[in-house]
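Computation of the quantities below employed the complete heavy-atom set of this structure, encompassing side-chain atoms and omitting hydrogens, waters and symmetry-equivalent molecules. This structure is a prediction, so every number in the text was calculated from the model and none was measured. All ligand and atom numbering here is 1-based and tracks the order in the structure.
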Amino acid sequence: MWGGRFSMSPAEVMQEINASIAFDKALAPQDIRASKAHASMLAAQGIIPKDDARKITAGLDRILEEIAAGRFRFSRALEDVHMHVESRLEELIGEPARRLHTARSRNDQVVTDFKLYVRDWIDAADPALAALQLTLARKAQAHYDTIMPGFTHLQSAQPVTFGHHLLAYVEMLARDRGRFADARARLNECPLGAAALAGTSFAIDRHATCAALGFDRPTANSLDSVADRDFALETLAAAAITALHLSRLAEEIVVWVTPQFGFVRLSDEFTTGSSIMPQKRNPDAAELVRAKAGRITAAFQALAMVMKGLPLAYSKDMQEDKEATFDALASLRLVLAAMTGMVEDLTPNPEAMRRAAAAGNSTATDLADWLVRVQGVPFREAHHIVGRIVAVAERRGVLLSELPLSDMQAVSPRISEAVYPLLSVESSVGSRTSFGGTAPQNVRKMARTWIKRLEKASEKG
Ligand code: ARG
């Protein structure tokens, strides 16, 4: 393809380091889509004969079929996907194939293909993110009043409901979807026609190729067009944050399914046994979701380091933008599917959760709040009083709710019989009615709102 001024073939190791076909063949569908748009535009502008464009289009369609059917032959000597497609096209249609590369370069070609790939991925990932949200929201609806301990520092803090906890992840995923949507909106400018770096002397119609490929507008600066990989970085950054969210839920599932917690159970479908310890049920899928956050976040770092300090415009360094990106995006799709399956699969154990929620005087704050609300005690003072009462209960080896009234009144005579009902976990969660709070009525409403919104969107989509 570029051998005109060369008299020797590249060294074996040169081919090995230079070739990208082993991984960029994943771009073949996008490469063919972009080449078809380019060929039609060239013909419409009278730059190549219309008949050549027709042959090019038919040939490209055939190549796509060959690749899909696994009948396409890849060879390292042809470097990358662009050269493979073009060289096969020449085998198929001869001379007209040699006109396809008019007014373009592999530099604008590869960035166009890669943008289309990332955009296709976002378009497919969004429904997967929405499906996980819907699964979480439905679980939350089923458990809007299932009480569990809420933690800070992984210490029992205040009781919450399981539904509330699950809806926290629905919110995170909503922000994740927003980040991907933002990245998509910004990436949707077409770089095709920037050519090698400076634009072209041919009378191309960039708006035509842009429209044919579903972009909003052509990129405005040819140097920036071929040098830009922000779209991949932004998408990887969003993917990294999503992966972090999923790793937190995965970690919680790992903890919850331990016999020590026993909060939830995963079926045989999402657990594995141990080859030596017959009693074990390991949450391998959750552990792998947790672990895959490593490679997904690393992909952002890898590409950031490739791009750092690169002078404008294209450098071959940028060929290293693909493998980690492909891997990270595929990994995220997999962990999303696995997490959706796991959330669907898991069954909570409400008794174990409630027991844990009631342990550790998790309603101490409710007693302090009562002193504030009913007795007009300043919160700081109320906090101190309850702290002393908790210390007495601990000394006696009983829970706050089991401590005799006389012991409480010895600390603060303002306390009456009326506080006992407030010390139950049910009363505690029921009282958290502030907007966004854990009260079951709030949770049920929020779960319903999400389910309605997500179901409506999925019908439309
Ligand atoms: N395989 C190359 C890449 O992925 C395509 C662009 C090659 N351009 C060049 N000037 N060598 O970046």
Side-chain angles (χ1 to χ4, degrees), residues 1-6 8-11 13-35 37-38 60 63 67 72-90 97 100-121 187 190-200 209 213 219 221-233 235-236 299 302-330:
M1 293 284 165
W2 40 255
R5 65 176 288 265
F6 288 78
M8 273 164 67
S9 303
V13 69
M14 172 61 194
Q15 287 195 32
E16 191 181 338
I17 193 170
N18 200 37
S20 54
I21 187 60
F23 49 89
D24 70 11
K25 61 183 173 199
L27 293 176
Q30 289 78 13
D31 194 67
I32 287 170
R33 219 193 300 166
S35 284
H38 184 66
L60 289 170
I63 293 171
I67 293 173
F72 192 87
R73 278 222 342 269
F74 295 100
S75 121
R76 205 169 69 185
L78 284 169
E79 259 185 68
D80 59 22
V81 65
H82 322 294
M83 309 244 260
H84 273 79
V85 171
E86 203 181 316
S87 119
R88 177 68 184 140
L89 189 63
E90 196 176 338
L100 172 60
H101 212 53
T102 314
R104 80 170 183 192
S105 145
R106 276 189 293 157
N107 296 349
D108 59 338
Q109 200 179 346
V110 72
V111 67
T112 304
D113 296 358
F114 198 25
K115 272 193 169 183
L116 288 173
Y117 182 96
V118 171
R119 196 181 72 184
D120 287 346
W121 183 89
L187 79 68
C190 185
L192 191 60
L197 76 166
T200 174
T209 42
L213 295 171
T219 50
N221 179 294
S222 62
L223 290 167
D224 177 49
S225 307
V226 291
D228 168 40
R229 293 296 181 274
D230 291 3
F231 59 94
L233 284 167
T235 304
L236 288 175
L303 181 54
M305 288 303 100
V306 166
M307 297 311 293
K308 181 196 169 291
L310 275 192
L312 302 188
Y314 178 85
S315 294
K316 196 62 172 256
D317 306 53
M318 290 161 78
Q319 179 166 285
E320 285 289 314
D321 59 1
K322 294 174 201 63
E323 272 175 294
T325 305
F326 292 163
D327 177 80
L329 297 183

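Partners of E323 under the side-chain contact (heavy atoms from CB on, under 4.5 Å) rule, at least two apart in sequence or in another chain, are F23. Residues satisfying the salt bridge (charged side-chain N to carboxylate O under 4.0 Å, His left out) test with R88, not counting sequence neighbours, are E66, E91. Residues meeting the side chain to side chain donor-acceptor pair (under 3.5 Å) test with D321, sequence neighbours left out: R229.
For the atom pair CG of L27 and NE2 of H84, the computed distance is 13.0 Å after rounding to the nearest 0.5 Å.
No side-chain heavy atom of S20 sits less than 4.5 Å from a side-chain heavy atom of E79.
Shortest non-hydrogen contact noted between A195 and N107 is O-CB, 4.0 Å.
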Dump all N/O pairs between ligand 1 and the protein below 3.5 Å as a table: atom names plus distance, one pair per row.
from, atom 1, to, atom 2, distance (Å)
ligand 1, 1 (N), S20, OG, 3.4
ligand 1, 1 (N), D80, OD2, 2.9
ligand 1, 1 (N), Q319, OE1, 2.8
ligand 1, 4 (O), K322, NZ, 2.5
ligand 1, 8 (N), N107, OD1, 2.9
ligand 1, 10 (N), N107, OD1, 3.1
ligand 1, 12 (O), Y314, OH, 2.4

